[in-house]
Protein chains: 2
Amino acid sequence: MVLLDLLGRRMTLRILWELSIAGGPLTFRALQHAAQTNPSVLNSRLKELRNAQIIEHGGGGYQLSAMGKSLLAIILPLHVWADEWASLYKRNRAMPSRAKGNA
Amino acid sequence: MVLLDLLGRRMTLRILWELSIAGGPLTFRALQHAAQTNPSVLNSRLKELRNAQIIEHGGGGYQLSAMGKSLLAIILPLHVWADEWASLYKRNRAMPSRAKGNA
DNA sequence: CGGGATCCCCGACGATACTG
DNA sequence: CAGTATCGTCGGGGATCCCG
């Protein structure tokens, strides 16, 4: 699924999350700081997300589009599911190596 | 999100999908054929999914666990959303590179 | 401050040969 | 038929520099 290819990328969800809790536009640097990443990756994600019309640029920074918000709403149940699942999952370590920060 | 790290991997959803439509256990080779992949990748995914308890092995092959089914149920809305979104997404990607400003 | 350009590294993937 | 081992390739991601 193309969507997962996008969401699965390194900072995508983090960015959406930061934009979501910010509640308003965030500047490039602000996002970079909030998401703790480097310009190149951030720039890539921003391009992809903007192209996908999940976020918008303008009015003082980046923010979720209407579509982005609706996406977030759908992702939420997934997030909840993942939480319960995570406890089980962690019990038997040996997961894919790519997992760093977020739950 | 760790879950997306798993789902985003190359054949994961495809495997879940094949198992879901099969409705019963599938053998290693059957899966390999259905998902059109090679043994090494298939094996990796199978390990990961089994470890995550999303699929089970036994009784003549691999099949979705209860958890796997519940996951699929949650993924479905996402899939639906992705469908609508996809049309927009593609339209955008199809734009001439020169005038790439969003419409 | 925004964000494109560059360099390097490492892990994921693909193909295939091989064992039980 | 089930699954593992090996090897080369490719692309994403981290860091950094720097111009507009």
Distance test, side-chain N/O of B/Asn43 to OP1/OP2 of D/dG3, below 4.0 Å = no

task = Write down the distance between CD (B/Glu48) and C1' (D/dG3), rounded to a whole number of angstrom.
result = 15 Å

key: Residue pair A/Phe28 / A/Pro39: nearest heavy atoms and the distance that separates them   = CZ-O, 3.8 Å

request  = In whole angstrom, give the distance that lies between atom CG of A/Leu42 and atom C1' of C/dG3.
outcome  = 9 Å

query = Over how many whole Å does the gap from A/Arg50 atom CZ to C/dG2 atom C1' extend?
reply = 11 Å

request  = Could you tell me whether the phosphate oxygens of C/dA12, OP1 or OP2, come under 4.0 Å of any side-chain nitrogen or oxygen in B/Arg9?
outcome  = yes

Under 4.0 angstrom between A/Lys47 side-chain N/O and C/dG3 OP1 or OP2 = no

request  = Give a yes/no on whether any side-chain N or O of B/Arg45 is located under 4.0 angstrom from OP1 or OP2 of C/dA12.
outcome  = no

Where A/Leu13 and A/Leu7 come nearest, the two heavy atoms and their spacing = CG-O, 4.2 Å

request  = Measure from the side-chain N and O atoms of B/Thr12 to the backbone N and O of B/Gly8, and report whether any donor-acceptor pair falls under 3.5 Å.
outcome  = no

query = How close or far is atom C1' of C/dA15 from atom CZ of B/Arg10, stated in whole angstroms?
reply = 14 Å

request  = Hey, can you tell me if A/Tyr62 and A/His57 have their rings parallel, tilted or perpendicular (30° and 60° cut-offs)?
outcome  = parallel

message = Return whichever of B/Arg29 or B/Val41 has its heavy-atom-nearest nucleotide of DNA chain C closer to the 5' end.
response = B/Val41

query = So which nucleotide from C/dT16, D/dG14, C/dG4 ends up closest to the side chain of B/Ser40?
reply = C/dT16

message = Is there a side-chain contact between B/Tyr62 and the phosphate of D/dC1, meaning an N or O under 4.0 Å from OP1 or OP2?
response = no

key: Lys/Arg-Asp/Glu bridge criterion (N-O < 4.0 Å) met for B/Glu56, B/Arg50   = no

ask   = Between B/Leu26 (CG) and D/dA2 (P), how many Å, whole number?
value = 10 Å

query = Mapping A/Pro39 and A/Gly8 to their closest nucleotides on DNA chain D, which lands nearer the 5' end?
reply = A/Gly8

ask   = Heavy atoms under 4.0 Å, any strand shown: does B/Ser44 hit a base, just sugar-phosphate, or nothing?
value = nothing

ask   = Where the side chain of A/Asn38 is defined as all heavy atoms beyond and including C-beta, which of D/dG13, D/dT16, C/dC13 is the nearest nucleotide?
value = D/dT16

task = Give the rounded distance in Å between these two atoms: CG of A/Leu31 and P of C/dG2.
result = 9 Å

ask   = Please give, in whole Å, the distance from D/dG3 P to B/Asn51 CG?
value = 15 Å

message = Considering every strand and a 4.0 Å limit on heavy-atom distances, what is the contact class for B/His57: base, sugar-phosphate, or nothing?
response = sugar-phosphate

